[in-house]
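Following: one structure in structure tokens, then a few remarks.
All chains are named by letter (A, B, ...) in the order of the sequence lines, taking the proteins before the strands, and each is independently numbered beginning at 1.
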Amino acid sequence: MIDLFAYLVLALSVAAVATGRLEGRYVAVATSVVLLAISAYLGLPIGVVIAVAALALSLDWRMGSFSFALAFSASAAVLAAYVYYGGAPPVYGLVALALATAAVYGLLAMERTRENVEGAMKYLVFSGVGKVLIVLGYALAAHGWVQGLYLAVLGFMFELGIAPFHAWVVDAYALGSPRGAAALAAFSKVTALFVLLTLFRSLPGDGAVGLVALVVALASMLVANVAGLTAKTLGRVMAWSSIAHMSYALAAVALVWWLGEPAAAPQLFGMRISAADLAALVVVLEALTSGLAKAGVFGYLSTAFSDLLPPRRSVLNVLNILSLLGLPPLLGFWPKLFLILLALSYPASIAAFLVLWIVMNSAMATPYYLRALRMVAEAPGPVADNVTSSYTAFVSTALGLVMPLVTHVLL
Amino acid sequence: MIILFSVLIPMALSLVAYTAAKRSPYLAGYISAVALLPLLVISAYSVFGGVEFREGAFQGFDVTAFRITPFNGVFAFTVALVGIFVALYSPPYMEHRSHELGRDTSIFYLTYGFFLGGLAGAFVAANLIMVYVFIEIALIASLFQVLYYGYGDRVKITIMYLVWSHVGALLALAGFLLLYLRGVYYVPLLADLRYLGADQTAFLLILVGSLIKMATLGVHMWLPYVHAEAPTPLSALLSPVLVGIGGYLIAAVAMYVVPSAEWVRWLVYYAIATAVYGGLMAFLQKDIKRLFAYSTVSQMGYLLLGVALFNPHGYTAAALFYLSHGLGKAVLFMTAGYFIMYLHTRDIGKMGGLYGWRPELAGAAVVGFLNLAGILTVGMVAEIVLTVAYAKYFTQDYIYYIPYAVVLLITGIYAFNTIRVVFFGPHKREDRGPVDIALVSIVVVAFLSVLLFLPPFSSALADNIYKTIVAAGLWK
Amino acid sequence: MEVVLLTIFAPLVASVISLFSGAEKFKAWSVTLGTFVSALLATYVYTSLQPGVYSVGWIGSIGAEIGVRLDHFSLPMGVLVAWLIAAISLYSVKYMEGDYRPGWYWFFFGFFATSMLIIVYADNLWFLLAGWEGVGLASWALIGHWYRDEYDKWVGREEKVFGVPYWWAPSKAGLRAILTVRFGDAFFLVAIALIYVVANTVSLTGLEKAEALKALGVVPLIFFALGPFTKSAQFPFHEWLLTAMTGPTSVSALIHAATMVKAGVYVLIITTPIFLHVPGAGLYFWLVAVVGVATALAATIIALTSMEFKLVLAGSTAANLGIIAAAAGAAGLVGLYEHELLQGLLFFAFLHIVGHAVSKASLFMGFGAVIHEAGTRFIGEVGRLWRHMKITAVAMVLSMLSLVGIPPFVGYITKDLALENVFEAGHVYHMDWLAPALYLLLFITPIYGQRLIGLTFVHGREPEEVHEAPLLMWLPYTALAVATLVLGGYFAVFVKFPLTEALIAVLLGFLTGLVLYIWLPGVRSETLRPLWEVAYRRFYLPILYDGVFPLLYLWFSRFIYVVFDRGLFDGLYHHVIPGVFETLSNWARRLITGNISLYVLYGVVGILVTLLLLVVL
């Protein structure tokens with residue numbers, strides 16, 4: 001089934017050569033539709049969601065030749081999802097990751113302003129380092145060296161922007177082109193997270209590495225939420241939000257790496273589920289929440305970069321921001337809930353500490369999400385909601401509302 | 001599905017109210033009030049008729065499980081009743097406020113139905129996660145009201161309110177999840193469970209989360225700020241109906257996992273301390289809305305005491321306090337709003353001799369205070385039942401009755417002193433306060449609190465609640 | 001049963017009806033009509049209904065019932081109270097004419113009447129409590145009736161003693177009243193709850209038989225007693241009654257002389273047979289008796305030195321209430337020894353309620369007329385009024401003679417009978433200080449009575465233009481004044497005409513008073529001045545109640561506010577914590593400088609840290 005993707009990428013590459021003649025937008029739209037078809041055929045609901053996001057973005061923005069980049073990054077994301085769900089060899093996931101990075105780099109630098117280039121470059125450097133570490137680590141670990149896991153995890157920290165490797169995230173989001181930032185969130189990070197999950201499933205866990213990763217993730221959560229409190233522009237707030245969300249995702253996986261399966265398996269909506277599966281669910285939902293919401297928020301900005309107060313209002317993005325905040329019944333509430341549930345399955349003292357830490361962090365984040373909400377809702381200009389913001393807000397709300405059913409399906 | 005609908009109808013109709021408010025806040029107010037009628041009817045039927053309503057399977061993880069018994073019915077009844085009259089009261093006030101702010105009242109009415117529907121849902125939902133969801137809905141709805149229509153530094157106050165409430169709700173959620181992991185998916189009181197065995201962590205999480213929402217001593221700090229700066233119709237809802245949710249959660253969930261009698265004893269002491277503290281602080285305030293806010297802290301001490309005494313009379317008293325405080329405080333906050341509208345001040349130093357300005361208002365406000373002091377309104381029934389509960393708990397340890405009497409006295413002190421400072425003394429004004437629907441709402445609510453003291457109503461109330469609680473499995 | 005309920009609730013119904021019209025006359029006459037209906041029905045109940053208990057359920061979970069009890073106490077008390085209320089209502093129609101707040105007055109008048117009748121007839125303690133709180137509330141409302149706090153409605157002059165103001169405006173007096181009574185009511189409430197928990201019933205008839213009361217200690221009884229002590233202005237809770245004179249005189253007559261304050265001692269009387277069974281009750285009865293005697297003495301001294309008409313009468317009321325309380329307590333003490341004597345002794349205590357009520361109501365109404373006509377509340381500003389208000393003068397002399405206990409007036413008979421109880425208890429329990437104290441009391445009482453009459457009607461500065469009171473006003477109090485004689489005769493024949501050494505003390509006092517205030521126009525003594533000052537300042541107790549206590553309360557509250565509320569809680573949650581976060585947040589963001597080499601540095605540091613953690617953990 002992997003071949004389908006191979007053909008798609010090949011086709012895109014060929015078409016890229018003929019850029020001058022083809023209207024970029026049609027390419028992106030076509031790719032999205034194809035991805036949609038592939039996902040449907042493969043039975044991959046996540047793929048459908050991602051594909052439609054790409055469709056929305058391509059309908060909204062005229063990106064010229066950069067549409068190819070959009071197409072590549074979307075394909076990478078769906079590929080990574082397939083690698084995880086379809087059980088394909090992890091190496092394809094790594095390929096997807098490389099593809100995504102390259103594409104998003106281009107998208108970030110789209111407007112070619114000095115800021116864009118700076119943001120894009122930082123992304124490239126750190127993401128590149130991250131990928132190298134991941135590949136190295138995976139190779140080592142696949143041969144039985146436990147240090148491989150450590151290197152891979154380190155790589156993910158670079159890739160996802162976990163503190164103290166987070167500095168680039170702020171610049172990438174704030175200085176890069178908003179369309180690029182949308183793609184970063186919706187496709188690149190999602191790809192990375194699925195690769196993480198693939199590794200999580202295929203490699204044996206290690207207690208020490210898990211603990212270190214957990215500690216770093218928790219610290220990163222705190223740093224992100226504290227720093228976000230005084231962030232002044234929309235792009236920066238979103239950046240800190242991203243760091244925080246990625247930290248939650250890493251924490252879930254790290255916890256299971258550290259402590260393994262708990263004595264009593266946790267229950268979800270009345271069904272028993274393993275801790276590993278629950279952690280994976282947290283990661284997937286975080287990917288979706290963060291990706292969709294940020295795609296919506298960045299996807300409505302028409303400026304060259306997002307390190308500013310938005311000039312025009314958006315009503316639907318209020319829902320996206322509330323989802324990021326973690327308000328029920330929106331999508332963003334569920335990964336937090338499941339993470340708390342996961343923590344509670346472990347012995348009381350650890351559980352209590354983790355729960356309190358998560359609750360405090362969520363509470364700390366509320367002021368800056370509120371600020372972001374006001375930035376978006378009270379901007380001076382007229383309402384600028386577009387297909388992307390509508391679609392993402394709709395999915396954030398709808399998925400959140402039917403989450404119990406969705407979990408039945410996903411499990 | 002009746003219960004679910006009665007909770008969802010206010011939310012649905014708030015969308016209608018939103019569009020209506022763009023034309024006239026009066027129309028929006030009426031719609032918001034009418035939307036609460038189904039809830040009022042069903043809860044009143046339960047409370048006064050002693051009937052129970054049950055929906056959903058209570059098996060597995062059922063999100064549509066709801067139940068109204070006379071105990072939680074009183075809470076829902078208060079929400080509906082106060083909600084209706086505040087909705088009727090709000091148009092003149094919101095019109096006045098919207099002129100001041102230069103923004104229309106539509107967001108207020110949009111969020112009004114969500115706030116009350118969310119709150120009512122939290123009281124009648126049986127699934128623990130649904131309780132949490134409804135609380136958060138109520139929080140977000142009220143948040144927007146403060147953000148767009150509040151006074152002073154609105155944004156800072158909104159953030160304060162959001163952070164405090166969110167922390168409280170999340171802690172409670174964590175506690176619920178612990179129970180959830182033990183296989184308890186439903187509110188224990190509504191699911192007729194027995195005492196679940198000691199669980200310190202779950203108890204503490206739910207207790208602290210609920211206490212934050214109740215604004216008891218030590219975690220009360222947000223209440224004076226938010227009340228004072230929220231638009232008054234919201235204050236008239238926050239104090240009476242929102243903060244009591246904490247008490248309900250402790251009674252219906254936390255006490256089922258209370259670790260030991262020692263813990264119960266400390267909770268009793270804490271409740272008394274809260275009641276004293278709130279009363280002392282209320283006496284000092286010069287801003288009338290802050291005064292009422294501290295009074296709420298004190299009354300929450302009473303409510304918590306009822307729960308903490310951990311006997312059927314105590315629980316009955318807690319429910320009755322919710323009702324009496326709800327009605328009384330609604331009257332008082334609406335009065336404060338009336339002062340803001342027509343006197344343009346919140347400072348009691350500038351008031352005085354206001355009886356002559358509008359006698360009916362003074363009478364209603366006095367009745368409001370009587371509810372707090374427990375004199376000849378439904379508040380008296382609450383106080384009597386609480387005292388019996390207290391006597392059942394402390395029996396012959398006579399020394400403990402002295403703090404209790406002190407609490408009653410402290411409440412009387414700030415209540416009657418405030419009446420004197422505001423309404424008595426030489427006249428300072430020549431005009432008369434206008435008669436409008438705001439005044440009518442105030443007087444009607446005051447009248448209802450007296451009506452509910454009279455035999456057929458008070459008998460039904462107190463006895464139905466008591467029967468329900470005695471039958472609950474907690475004491476077996 | 002329905003008749004009794006109608007008797008009780010007719011005035012309230014009339015009050016509610018009176019709210020629906022703005023016309024003062026409508027309000028006044030509707031309530032007066034209600035009170036007369038109630039009075040007539042009470043008489044009917046007295047004459048025709050069988051004694052017994054009738055009740056209907058109210059709140060089962062706490063044993064509350066709407067229950068009435070008809071017995072040898074409640075039946076006569078009901079008649080007394082209902083007729084006094086009706087009489088004073090009639091008086092008020094004229095007295096309150098042209099008032100600026102008729103609606104409030106007439107509503108609370110009827111409300112009060114019903115509450116008082118509830119107390120009289122109630123069998124269930126919770127039902128009684130409802131009435132109890134009702135009279136407290138009505139009292140607060142009516143004391144503070146003239147809420148605008150005009151000078152002529154005050155008690156006291158504009159002066160300060162040790163920095164504490166010695167004047168009380170109506171709204172202040174109302175506050176004092178309700179807070180004092182609330183203090184007592186809190187303990188009263190607790191006591192009833194304790195009784196319910198121990199005996200599982202709060203019905204008075206049920207409690208008389210209850211074995212379970214033996215498990216109750218004496219402390220709940222003391223809690224219980226605090227209710228009547230505060231309601232009946234016993235020492236040290238008597239201050240509120242004195243400043244309650246800011247209310248309209250009809251209110252003073254009704255509530256603070258004839259009925260409400262009697263509620264407390266009435267409850268003491270009717271509960272004595274019940275509390276007899278409680279172990280340790282001796283202490284309780286002793287306490288009641290001692291407090292009663294102390295009140296009587298203190299209040300009499302205050303009455304002797306007051307400079308306002310109504311204050312003398314108020315002090316006198318407190319004193320007589322003390323006598324009734326002492327009589328009740330004494331009856332209990334004696335009853336503990338000789339059970340058969342109990343009911344008789346209690347009945348004597350009860351009789352003084354009647355005797356005093358009739359005399360005092362008349363005096364208040366009469367002096368109300370004096371204040372109304374002469375336009376002053378101070379003794380000595382007008383005088384020689386016998387020339388101008390002949391009917392009033394005669395009525396006042398009659399009532400005063402009854403009040404101070406001169407035979408053959410009813411006041412003498414009932415007071416003497418009541419005091420016999422106390423003497424008896426003192427004898428049985430060897431309390432040797434009791435008899436001299438009572439003789440002193442009996443000696444001083446006629447003196448203050450004659451002082452009041454003398455300085456008002458006999459001597460003093462004659463005013464220009466003072467008429468007799470209107471018919472509708474002098475009729476009620478003159479009728480009552482005559483009744484003191486008639487009732488005296490009735491009791492002398494049908495009950496007992498007491499003749500003891502106490503009479504000597506009374507006559508001695510009467511003679512002294514005659515000389516000092518009727519023959520001489522009063523007397524001033526520089527040597528006695530310091531003593532007089534202490535008494536005039538009411539033993540400096542207002543300094544405690546209006547100065548020290550409020551100040552302590554305020555300082556304590558402020559201390560907690562500054563240290564805990566603003567300092568700890570507000571400071572911590574809203575200044576310190578946000579400040580810390582803000583600083584931390586700015587530091588964290590400052591690290592993002594834009595310089596990529598710095599970012600690389602962070603990355604390297606991060607790797608080193610994780611390696612370190614890996615090794616350590």
F134(B) portion near chain A, given a 4.5 angstrom heavy-atom threshold: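 Interface part for F134(B): neither.
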- request: Give, as side chain, backbone, both or neither, the part of F144(B) having an atom under 4.5 angstrom from any heavy atom of chain A.
  value: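 The side chain, not the backbone.
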- request: For a side chain to side chain contact (heavy atoms under 4.5 Å, CB included) with T366(A), tell me which candidate from V167(B), L162(B), L143(B), I159(B) qualifies.
  value: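 Going through V167(B), L162(B), L143(B), I159(B) one by one, the side chain to side chain contact (heavy atoms under 4.5 Å, CB included) with T366(A) is satisfied by L162(B) alone.
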- prompt: In this structure, which one of V133(B), I137(B), I140(B) forms a side chain to side chain contact (heavy atoms under 4.5 Å, CB included) with L327(A)?
  reply: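 When V133(B), I137(B), I140(B) are each tested with L327(A), the side chain to side chain contact (heavy atoms under 4.5 Å, CB included) holds only for I140(B).
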Roughly how far apart are [X] [atom1] and [Y] [atom2], rounded to 0.5 Å?
X       : Y       : atom1 : atom2 : result
L373(A) : L147(B) : CG    : CG    : 8.0 Å
N361(A) : L170(B) : CG    : CG    : 11.0 Å
R374(A) : T158(B) : CZ    : OG1   : 8.0 Å

query: Given a strict heavy-atom distance threshold of 4.5 Å, which part of M364(A) is in contact with chain B: side chain, backbone, both, or neither?
result: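 Neither the backbone nor the side chain of M364(A) comes within 4.5 Å of chain B.
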query: Side chain, backbone, both or neither: which part of L370(A) has an atom under 4.5 Å from a heavy atom of chain B?
result: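 L370(A) touches chain B through side-chain heavy atoms alone.
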query: Of all heavy-atom pairs between A174(B) and L344(A), which one has the smallest distance, and what is that distance?
result: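 Where A174(B) meets L344(A) most closely, the heavy atoms are O-CD1, 3.6 Å.
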Considering all heavy atoms, the nearest A363(A)-V163(B) contact: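 Between these two residues, the closest heavy atoms are O-CG2, 3.9 Å.
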- prompt: Under a 4.5 Å cut-off applied to non-hydrogen side-chain atoms, are L171(B) and V355(A) in contact?
  reply: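 No. Closest side-chain heavy atoms not under 4.5 Å.
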- prompt: Hey, are the side chains of L337(A) and L177(B) touching, using non-hydrogen atoms and a 4.5 Å cut-off?
  reply: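 In short, these two side chains touch, coming nearer than 4.5 Å.
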message: If you count heavy atoms of other groups shown closer than 6.0 angstrom to CZ of R23(B), is the number above 12?
response: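 No, CZ of R23(B) has 12 or fewer neighbouring heavy atoms, counting only those of other groups under 6.0 Å.
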field: Heavy-atom pairs under 4.5 Å with chain A, option from L204(B), L178(B), L139(B) with the top count
entry: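 Of the candidates given, the most pairs with chain A belong to L178(B).
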